[in-house]
Amino acid sequence: GGISGVSWILTSYLLMYSISLFIMGRVSDFIGRRWAFTICLILYVVGASIVISYDSIAQNLTMTYFRNGLDPYSAFLHVILVGRGIQALGAGAVTAIALALVGDLFPQSKRAIPLGIVAAMDTIGWLVGAAYAGVVVQFLPWRAIFLINMPLVLLALLGMLWALQGIKTTRVPMGFDIFGATALIGTLTSLNIALATLDVSGTSNSPLLPLLGVSVVCLALFLLIESRIKNPLINLRIFTHTGFAPAMWVNGLVGFCLFISLASMPLLVNVKSLGDFGRAAVFQPNLLTTAALISGIMMGAFTIPLAIATLFSSRLLPIFGVRWLTIGGLVMGAIGFFAIWQFLRLDMPYALVAVMMAIAGTGLGMTFTPIIITAMNAVSESERGVASALILGIRMVSMTVAVATLGVYADARVVYLVQQIESGGFLIGMVTPKDYPLWFFNSYVNSTIQAVNEMALFGFLLCVFALIGAWLLPKRIES
C-alpha cells in the first residue's frame, strides 16, 4: 500500500478510536464499568492478534479476492486495517471509562486528585508510546510491540477484575440508541475520510467537499434524533448544565493547540538542521538521525511539563478554583505560543525553544483537570460515561482535524512564500544561475520558519478564544 496504505491505517485507527470513545463511554453506563473495561481490553488483544498474524490471514484470502476480481495483494492491507480498527475500538474508551469510574467511586469534593492522575497517565501514555515503539523496533521485529503489549493488557484486565470485585458501580437500565449511534458513526466516518483526502492541490477533483457535506448532514440527523428520542446516546441537555458547555469549548480548543506544538517541532528541527548544515544535510543520514533525536527531545520539552502540570493541577484546584486555574493555564499557554510566534528564528538555540515549549505545555496541562472535573460534576450519575466520552471524544476530533489541516497548511504556506519571493522584487534578478540553488534553498528554509511562526500564532489565538469559555466556568468545585 505504500504511503497511501499507511495513511489509511492511521485514518482507520483514528476513526475507530473516536467511535469507541463516544459509543463505549455510554455503553458503560448501561452494562457497568467492569464489563465495559473487559470488552475493551479483550478487543485490544483480539485486534493485536490479527495484526501480528496478518500475513497468514491475508494469504488465505488472496484466492477469494482473485476470484472476485479484486487485487489479491490488497488483502494484506485490509487485514491490517481490520486488526488496527478492532484495537482502536478497544483502546479508545479505556480512559473514558476510567474517568467515569472515578465519578462512581469518589464524591465530588474528592475527585480532583484521582481525575488528575487518570488524565496524567493518559497523557504520559501517548507521550511514552511513540518513544517506546521506536526503541523496540531498533532491536526487535515490529511484531514485538504487540507481543509485549498483549500480556501487559491481559495483566491489566486481571488486575482490574480483582480491584473492582465487590465494588458496586452505576448501571443505568436503558435501551441503546442505535439510530443515534448510526448517525454519529456516519458523521465521524465521513469526517475522517474527508480529512484523509485533504491535499494542497485543491478541491476541484477531490471528494473532500462531498464528504464534508455528508458529515454535516449526518451530524444534523444525529442532533435531531438525540433531541427527540427518549433515551438518547448523548443527552443534549447536559450542555445546559452549569459549566459543561464552556468546559467543552475550552477542551476542543486545547486539543487543537496540543497538535500545533507536536506538528511544528519536527518541522522546525528538520529545517534548522538544513539551515545549520546546508544542503549537505540531505546527503548525510547521520545528521537526519540526529534531527529525529532532537525532534523527540523537543517534543518531550512540551509533553513532559504538560503531563506534570496535569498531575499537580489537581492540588492547585482547592487554592485557585476551577475558573482561575483554567484561566491561568490558558494565559501561560498563550504566553508560550506568543513567544514562539514573535521570537523564534533559525539561529535560536534549542534550549530557548525548549523553554518556550515548556511554558506552553505547562499552561495547557493546567487546564486538563479543571475541564474534566467541571464536566463530571455537571452531570448525574447516569450520565458519567457519556460525559467522560464527550471530554475525550471532542478533544480527539479536534486533534484529528489539527493533524489533517496543519500539515496541509504548512506545505501550502511554504510553497506560497517561496513563490512570492521568486516572483517579486529585484533581488531574484540579481541571482546568477550558479547561485540560484543556494538562494532557493535559503528561501525554503526561511519560509518554513515563517510557517512555524504562524502556526504558533494560531495557538496563541486559540488560547485567547478559549478564555471566553474559561470565564464561564464555575469558580470552585461544588462539594
Side-chain angles (χ1 to χ4, degrees), residues 112-113 115-117 119-120 122-124 126-127 243 246-265 268 297-344 348 350-375 391 395 398-399 402 452-477:
I113 292 178
L115 286 174
I117 292 173
D122 179 58
T123 305
I124 291 171
W126 54 261
L127 160 66
M248 293 303 101
W249 168 262
V250 177
N251 182 45
L253 295 180
V254 166
F256 200 101
C257 287
L258 291 175
F259 260 83
I260 289 178
S261 300
L262 298 178
S264 61
M265 278 307 100
L268 170 66
I297 295 172
M298 295 305 298
M299 286 191 287
F302 174 79
T303 52
I304 292 174
L306 185 145
I308 294 173
T310 301
L311 183 61
F312 286 99
S313 62
S314 59
R315 300 191 177 274
L316 298 176
L317 268 175
I319 302 173
F320 297 101
V322 168
R323 179 188 297 173
W324 287 110
L325 183 58
T326 306
I327 289 175
L330 291 172
V331 169
M332 183 177 290
I335 291 172
F337 284 119
F338 181 85
I340 296 171
W341 168 41
Q342 286 293 306
F343 303 117
L344 179 64
M348 176 176 283
Y350 281 120
L352 290 180
V353 181
V355 170
M356 295 187 291
M357 293 294 293
I359 293 172
T362 301
L364 296 182
M366 287 170 57
T367 68
F368 280 21
T369 301
I371 290 170
I372 294 171
I373 200 165
T374 299
I391 295 166
R395 187 184 300 167
S398 181
M399 292 166 73
V452 172
N453 291 144
E454 292 171 0
M455 290 165 68
L457 171 60
F458 295 156
F460 168 75
L461 293 175
L462 289 175
C463 286
V464 171
F465 290 144
L467 287 171
I468 300 171
W471 182 254
L472 298 175
L473 293 174
K475 290 184 178 180
R476 293 195 172 273
I477 304 170

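- For the atom pair CG (Leu325) and CD1 (Ile319), the distance works out to 9.5 Å, reported to the nearest 0.5 Å.
- A distance of 11.5 Å separates CG of Leu352 from CZ of Phe343, quoted to the nearest 0.5 Å.
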Between side-chain atoms of residues 250-262 and protein atoms elsewhere (two or more places apart, or another chain), which donor-acceptor pairs fall under 3.5 Å?
| unit_1 | atom_1 | unit_2 | atom_2 | d |
| --- | --- | --- | --- | --- |
| Asn251 | OD1 | Arg395 | NE | 3.0 |
| Asn251 | OD1 | Arg395 | NH2 | 3.2 |
| Asn251 | ND2 | Ile391 | O | 2.6 |

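- Summarising the geometry, atom CD1 belonging to Ile308 is positioned 9.5 Å from atom OG1 belonging to Thr303; distances are rounded to the nearest 0.5 Å.
- Applying the side chain to side chain donor-acceptor pair (under 3.5 Å) test to pairs two or more places apart or on separate chains, none has a residue in residues 319-343.
- Annotation: the span from Phe458 atom CZ to Phe337 atom CZ amounts to 12.0 Å, rounded to 0.5 Å.
- Scanning both residues, Gly243 and Pro474, for their nearest heavy atoms gives CA-CD, 3.9 Å.
- The only option from Val355, Val353, Ile359 that meets the side chain to side chain contact (heavy atoms under 4.5 Å, CB included) definition with Met357 turns out to be Val353.
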List the steps and the verdict of side chain to side chain contact (heavy atoms under 4.5 Å, CB included) for Phe320 and Ile327. CA-CA 10 Å; Phe320 297 101; Ile327 289 175; over 6 Å; no
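- The structure places CG of Leu457 at 9.5 Å from CG of Leu462, a figure rounded to the nearest 0.5 Å.
- Residues Met366 and Gly328 come closest through the heavy atom pair CE-C, 4.2 Å.
- A distance of 9.0 Å separates OG1 of Thr362 from CZ of Phe302, quoted to the nearest 0.5 Å.
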List the steps and the verdict of side chain to side chain contact (heavy atoms under 4.5 Å, CB included) for Ile113 and Leu317. CA-CA 9 Å; Ile113 292 178; Leu317 268 175; over 6 Å; no
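- Considering Thr369, Leu364, Ile117 in turn, Thr369 is the only one that fulfils the side chain to side chain contact (heavy atoms under 4.5 Å, CB included) rule with Thr310.
- Partners of Phe460 under the ring-ring contact (aromatic ring centres under 6.0 Å, His included) rule, at least two apart in sequence or in another chain, are Phe338.
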